[in-house]
Asker: 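Please read through the structure below; I'll follow up with questions.
Residue numbering restarts at 1 for every chain, and letters A, B, ... go by the order of the sequence lines.
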Amino acid sequence: MTPTLQMTVREIATLIGAGVEGDDGVIIRRVGKIEEAGGECVSFLANPRYARFLDTTLAAAVIVGKDAVMPDRTDHRPVVLRVADPYGAFVKVMSALTPVVPQLPPGIHPRAEIDPTAVLGTDVRVGPFVVIGEGCRIGNGTMILAGCVIGRGVTIGENCLIYANVTIREGCVLGSRVIVHSGTVIGSDGFGFAPRADGTYDKIPQLGIVALDDDVEIGANCALDRATVGETRIEKGTKLDNLIQVAHNVRIGEATVAAAQTGFAGSAKIGKRNMIAGQAAFVGHIEIADDCKFGGQAGVHKSITKPGGTYMGTPAVPFRDASKIFAGWSQLPDALHTIMDLKKEIAALRKEIDDLRSGKS
Amino acid sequence: MTPTLQMTVREIATLIGAGVEGDDGVIIRRVGKIEEAGGECVSFLANPRYARFLDTTLAAAVIVGKDAVMPDRTDHRPVVLRVADPYGAFVKVMSALTPVVPQLPPGIHPRAEIDPTAVLGTDVRVGPFVVIGEGCRIGNGTMILAGCVIGRGVTIGENCLIYANVTIREGCVLGSRVIVHSGTVIGSDGFGFAPRADGTYDKIPQLGIVALDDDVEIGANCALDRATVGETRIEKGTKLDNLIQVAHNVRIGEATVAAAQTGFAGSAKIGKRNMIAGQAAFVGHIEIADDCKFGGQAGVHKSITKPGGTYMGTPAVPFRDASKIFAGWSQLPDALHTIMDLKKEIAALRKEIDDLRSGKS
Amino acid sequence: MTPTLQMTVREIATLIGAGVEGDDGVIIRRVGKIEEAGGECVSFLANPRYARFLDTTLAAAVIVGKDAVMPDRTDHRPVVLRVADPYGAFVKVMSALTPVVPQLPPGIHPRAEIDPTAVLGTDVRVGPFVVIGEGCRIGNGTMILAGCVIGRGVTIGENCLIYANVTIREGCVLGSRVIVHSGTVIGSDGFGFAPRADGTYDKIPQLGIVALDDDVEIGANCALDRATVGETRIEKGTKLDNLIQVAHNVRIGEATVAAAQTGFAGSAKIGKRNMIAGQAAFVGHIEIADDCKFGGQAGVHKSITKPGGTYMGTPAVPFRDASKIFAGWSQLPDALHTIMDLKKEIAALRKEIDDLRSGKS
């Protein structure tokens, strides 16, 4: 948390290509949210909802958009840095100001348990109480933190970061620059049982693996099951949040992001660049096209062949339909009363017509 | 499980302020459910659904409410203890009869790996295969069970209980009397990625922490993400059940309880004394007032400013509306038929009126 | 992954009771999916959706159903093995061809920490960094993989397989042939708190245990809470998938299967041979009959006394009703318009009738 670097506003402006309004010699040591930032902080304004904090922020400098209107303050005037994308620029500054402390010191901890047949690349760092099984191959620059258990014959690429208490079971294959957060299990058995005649079950052996391609990131306490045969695969650059379930033989296409607690049932195939909100569910054996979006808690029951759509609800339907259905629900109780009223009115009309016809009125 | 204490019914009556019907010298060694309790057990009756077990229970004594009617049994007559709150009284007896065995013996296990710069208070107990990183501060009387990994610069208060295989990442801050159950991860990276033009993602550094205030309890296998900047905070006395997701920059107010598998998306702010049932979901950046209640699987899509309400469904609506909507659903298929019928009837009426008008009938 | 056994088609045919069409001397060394299988593979066709791959598969042999029609190929003709149940037969071949490598070598790893009062049976295998507490009893042939923490007084039966980084808390009881996957927590405290007058909570001691009967299998990163008093019980042969929540005092009947991310709230009683899809939820204190089925994301709000039904939706209703309701939703927006139209038409009819009656038309 303690910052060990500092930059002048001028240096920051150069880094992010900003125009400066105010003293560009001001020294910045930290980043902070606009409503909390103090003394030597740089902050940013991207969401107009937070614009009111420009009136009160104590940040030394603020990164704002091209059109942001700065209030006329007398108490404190932050230096203004103008860019097209204030949040993107802020992220760059954040990375520059925060020294990246490696999660482990160099070397293999003496209290790690590494099979003599395992092959470790240069500058592999391994924490205490880690187990690396026979025949594993760990690429250059990869860090494996305390308490991880890496099963027999696992392959991990270069510059990966495996956080504490991760379990990777036998035979799984990770690409390079993969990040796996704590508590996650990769390669647990798929949920496969063959029913016997008496209603009990035989376990179906789960002989495949899990493969994570380059630049994949998996959140904390996820469970990714090995394939029955073949592989469960997460393609290049895909990011999964925490507590996600990936069943056996699932395949998730590249650059897809899925938020926490989502579940993918067996053999589901998800396309590229999907964006999936939290607690969504995909049933087994369906295929989803590229570039689709799914709302939170969506229950996706069938394949989607058309790319680019947005879906919500359970069963999931296109966004426009879901909005109408959700709006319809709130009108439903009244509508049911109206139907009863209409029924009565029609009966009354019928009686009146009959009366008219028979000349009674 | 083995009880090592015993009490007479008289002592129990004094403890819980009960009136006694029967022999107050009877000795009690264990507690048990009314349908299972045997010999030297005390049991209780709080829920009228279980009243029938008064006819058959073998408990030596039963704690009942002021109005409970005892059956006229000849086989076995449990001693009766009458109080206003039988369950609360039972809990007191349970605690008195069950010796609290500390989860760890005194001292630091020789197979723990504690950085020399970490500062441990008096009577800190640490189990085997625990890692405590540089600069950590652990308060008096705190226990850290086997396999926990505590990252650099973590602060833990006094009399905390960290169960086995918990991971707490760098810089996080826990108050006093905090309980964290096994498998939980505190301080994993928030799920933050900046999209590149080509549809892939840049990781946004997650530089904040997680802060748990005094008397917080977190269940098993939860994931609490560190803030992007600042802190993800769980306020005093809040209790989270198992498998809960808390995203970056979430803040949950004091004395809130949330049941298992609930998810809080990024920057959601939850008020005080909320009661949240299982598998609920809160979308990002919303604010929820104090003293609200949420049903299981509720999907809360927008801020709630009025305190004290009860909400259900997805999208979540007030309880009364949800009940009507749920009731409406079951009538919907019939209502759709009725609408078709009404349409036909109206067409028929129209025809008859036209006929009448043209003098055909 | 490397196969170390081989079989002729003849030997396979004998194993599975198949009729052979083609050369029964062909040697098989591996199994594979029909769309991926190559050279020395045997594959299978069970789902007609995959029948088209019979035209292109490079498998050396294919197990098919009695009625499967083999295409007339000139490029490559797999040997055909005909049986009544191709998938079941394939599973048998898979098991025969894949040597079962035990997850651990014989013996107790010197870096395991085993309390001297624990009693271990013959051929118990224990990995590094495992903790086994005082008074534990571990049955013959059971394997406990790296990083597991087994609390005081736990009993584990024979031939169990406890994968890495599992936590089993004090007093829990596992039967024989139980499998527990990585990261799962058995016996965490139930979520029980007694509200104080000021809105804060007292923790209710959770004094019971979790009992898993013979042949139970629990997936990865599940959380099974100990009972408040008595036991949380999973009966014989029941299989739970990953990330499942089992609250205190739940009882799940034998040979039930539940898919990932399902939650069972406190004291729910589930019958035998239930089949539960993913992300389902059962509220507390309900009882479910035997042989029921539940759809994904179902929210089961009340007891079901009739065995054998199928339920879907939230709140869960019988399958037939749910299908009608889901279909009704999509018609709802139009129906609401129709109701408005009917209302207008009725008003128009009323006016016409009034006009007719008053002789205006």
Side-chain angles (χ1 to χ4, degrees), chain A residues 1 31-33 36 87-88 91 94-95 98 101 103 109 111 127-129 145-147 163-165 179 181-183 215 217 219-221 237 239 241-243 254-255 257 259-261 272-273 277-279 291 296-297 313-314 326 329-330 332-333 335-336 339 342-343 346 349-350 353 356-357, chain B residues 111 113 129 131 147 149 151-153 165 167 169 171 183-185 188-189 191 193-194 199-205 207 209 221-223 225 229-230 243 245 247 261 263 265 279 281 283 297 299 301 314-315 317 321 324-325 327-329 331-332 335 338-339 342 345-346 349 352-353 356 361:
Chain A
M1 300 305 101
V31 296
K33 292 196 283 186
E36 296 174 352
Y87 186 61
V91 167
M94 205 155 67
S95 301
T98 308
V101 184
Q103 292 278 342
H109 198 281
R111 280 171 156 181
F129 313 129
L145 276 64
Y163 279 98
N165 284 328
I179 300 174
H181 289 280
S182 290
D215 302 303
E217 181 164 344
N221 279 338
K239 319 291 184 185
D241 198 355
N242 304 327
L243 291 163
E254 61 184 55
V257 288
Q261 297 177 318
K272 300 174 183 180
R273 296 174 304 277
Q279 291 191 354
D291 299 299
Q297 298 185 321
T314 299
F326 294 166
W329 286 349
S330 61
L332 178 58
L336 293 169
I339 291 170
L342 295 183
K343 213 168 169 175
I346 288 171
L349 290 180
R350 155 132 335 270
I353 290 172
L356 268 179
R357 194 188 288 112
Chain B
R111 281 172 155 179
E113 185 65 33
F129 314 128
V131 179
V149 179
R152 225 176 6 230
N165 285 329
T167 304
R169 278 199 31 207
T184 280
V185 177
S188 38
D189 284 358
F191 194 63
F193 300 93
T200 65
Y201 292 94
D202 272 322
K203 182 171 174 68
I204 298 171
L207 305 174
I209 63 161
N221 279 339
C222 292
D225 280 351
V229 176
L243 292 163
Q245 154 72 0
Q261 297 177 318
Q279 292 190 353
V283 306
Q297 298 184 322
H301 283 56
T314 300
V317 293
D321 298 341
K324 282 184 196 160
I325 290 170
W329 287 349
Q331 297 170 252
L332 177 57
T338 304
I339 291 170
L342 294 183
E345 285 197 58
I346 287 171
L349 289 179
E352 289 185 44
I353 290 170
L356 268 178
S361 66

Asker: B:Thr338 versus chain A, heavy atoms under 4.5 Å apart: side chain, backbone, both or neither?
Answerer: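 Looking at B:Thr338, just its side chain touches chain A.
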Asker: Checking B:Phe193 against chain A: side chain, backbone, both or neither under 4.5 Å from a heavy atom?
Answerer: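 Side chain only.
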Asker: Highest number of heavy-atom pairs under 4.5 Å with chain B: which of A:Gly127, A:Pro128, A:Gly147, A:Gly183?
Answerer: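 Going by pairs under 4.5 Å, I would pick A:Pro128.
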Asker: Under a 4.5 Å cutoff for heavy-atom pairs, which residue among A:Glu254, A:Lys272, A:Lys239 has the most contacts with chain B?
Answerer: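 Answer, by heavy-atom pair count under 4.5 Å with chain B: A:Lys239.
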Asker: Side chain from CB out, backbone as N, CA, C, O: work out which of these in B:Ala335 comes under 4.5 Å of a heavy atom of chain A, or both, or neither.
Answerer: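 The answer is both parts of B:Ala335.
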Asker: Should B:Leu356 and A:Arg357 count as side-chain neighbours, where that means a heavy-atom distance under 4.5 Å?
Answerer: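 The answer is yes; the side chains approach within 4.5 Å.
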Asker: Name the member of B:Thr200, B:Asn221, B:Asp321 that forms the most heavy-atom pairs with chain A at distances under 4.5 Å.
Answerer: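 The residue among B:Thr200, B:Asn221, B:Asp321 with the greatest pair count is B:Asn221.
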Asker: What option among B:Ala327, B:Gly151, B:Gly230, B:Pro315 has the most heavy-atom pairs under 4.5 Å with chain A?
Answerer: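 Heavy-atom pairs under 4.5 Å are most numerous for B:Pro315.
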Asker: Any idea which of A:Ala146, A:Ala259, A:Gly237 has the most non-hydrogen atom pairs under 4.5 angstrom with chain B?
Answerer: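 Between A:Ala146, A:Ala259, A:Gly237, the count favours A:Ala146.
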Asker: For B:Arg152, check salt bridge (Lys or Arg N to Asp or Glu O under 4.0 Å) against everything at least two apart and list the hits.
Answerer: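 Expected list: none.
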Asker: Write down the atom of A:Ser182, the atom of B:Thr167, and the distance for their closest heavy-atom approach.
Answerer: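 That closest heavy-atom pairing would be OG-CG2, 3.3 Å.
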Asker: Measure B:Val317 against the heavy atoms of chain A and call it side chain, backbone, both or neither at under 4.5 Å.
Answerer: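 Neither part, no heavy atoms under 4.5 Å.
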Asker: Looking at B:Gly263, B:Ala194, B:Ala247, which makes the most heavy-atom pairs under 4.5 Å with chain A?
Answerer: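 With the most close heavy-atom pairs to chain A, the winner is B:Gly263.
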Asker: Below 4.5 Å from any heavy atom of chain A, which atoms of B:Asp189 appear? Answer side chain, backbone, both or neither.
Answerer: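 Both the backbone and the side chain of B:Asp189 come within 4.5 Å of chain A.
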Asker: Out of A:Asp241, A:Asp291, A:Leu332, return the one with the most heavy atom pairs under 4.5 angstrom to chain B.
Answerer: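 Most pairs with chain B among the choices: A:Asp241.
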Asker: With a 4.5 angstrom heavy-atom cut-off, is it the side chain or the backbone of B:Ala281 that approaches chain A, or both, or neither?
Answerer: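 For B:Ala281, the contact with chain A is made by backbone and side chain together.
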Asker: What are the two closest non-hydrogen atoms of B:Arg111 and A:Phe129, and how far apart are they?
Answerer: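 Shortest heavy-atom contact: O-CZ, 3.1 Å.
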Asker: Which bit of A:Ile353 is near chain B, if near means a heavy-atom gap under 4.5 Å: side chain, backbone, both or neither?
Answerer: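 For A:Ile353, the contact with chain B is made by backbone and side chain together.
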Asker: If I measure from the heavy atoms of chain B, does A:Ile346 come under 4.5 Å with its side chain, its backbone, both, or neither?
Answerer: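 It is both, since atoms from each part get that close.
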Asker: If you take all heavy atoms of A:His181 and B:Ser188, which pair is closest and at what distance?
Answerer: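 Looking at all heavy atoms of both residues, the shortest contact is ND1-CB, 4.3 Å.
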Asker: By a 4.5 Å heavy-atom criterion (distance strictly below it), what part of A:Arg350 contacts chain B: side chain, backbone, both, or neither?
Answerer: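 For A:Arg350, heavy atoms of backbone and side chain both lie under 4.5 Å from chain B.
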Asker: Could you go step by step and tell me if B:Arg169 and A:Tyr163 meet the side chain to side chain contact (heavy atoms under 4.5 Å, CB included) rule?
Answerer: CA-CA 9 Å; B:Arg169 278 199 31 207; A:Tyr163 279 98; 3.4 Å; yes
Asker: Let me know if B:Ile339 has heavy atoms under 4.5 Å from chain A in its side chain, its backbone, both or neither.
Answerer: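 Just its side chain gets close to chain A.
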Asker: Which heavy atom of A:Gly296 sits nearest a heavy atom of A:Ala277, and at what distance?
Answerer: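 Minimum heavy-atom contact is N-CB, 3.3 Å.
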Asker: Check each atom of A:Ile179 against the heavy atoms of chain B and say whether the ones under 4.5 Å are side chain, backbone, both or neither.
Answerer: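 Side chain only.
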Asker: Any side-chain heavy atom of A:Gln279 sitting closer than 4.5 Å to one from B:Gln261?
Answerer: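 When only atoms from C-beta onward are counted, B:Gln261 and A:Gln279 do not touch, as no gap falls below 4.5 Å.
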Asker: Please report the closest heavy-atom contact between B:Phe191 and B:Asp225, naming both atoms and the distance.
Answerer: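 Here B:Phe191 and B:Asp225 meet closest at N-OD2, 3.9 Å.
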Asker: Output the option from B:Gln297, B:Glu113, B:Lys203 having the highest count of non-hydrogen pairs under 4.5 Å with chain A.
Answerer: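 Sorted descending by pairs with chain A, the first entry is B:Glu113.
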Asker: What pairs with B:Glu345 under salt bridge (Lys or Arg N to Asp or Glu O under 4.0 Å), at least two apart in sequence or on another chain?
Answerer: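 B:Glu345: no salt bridge (Lys or Arg N to Asp or Glu O under 4.0 Å) contacts found.
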Asker: Can you check whether B:Cys222's main-chain N or O pairs, donor with acceptor, with B:Thr184's side chain at less than 3.5 Å?
Answerer: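 Yes: the side chain of B:Thr184 pairs with the backbone of B:Cys222.
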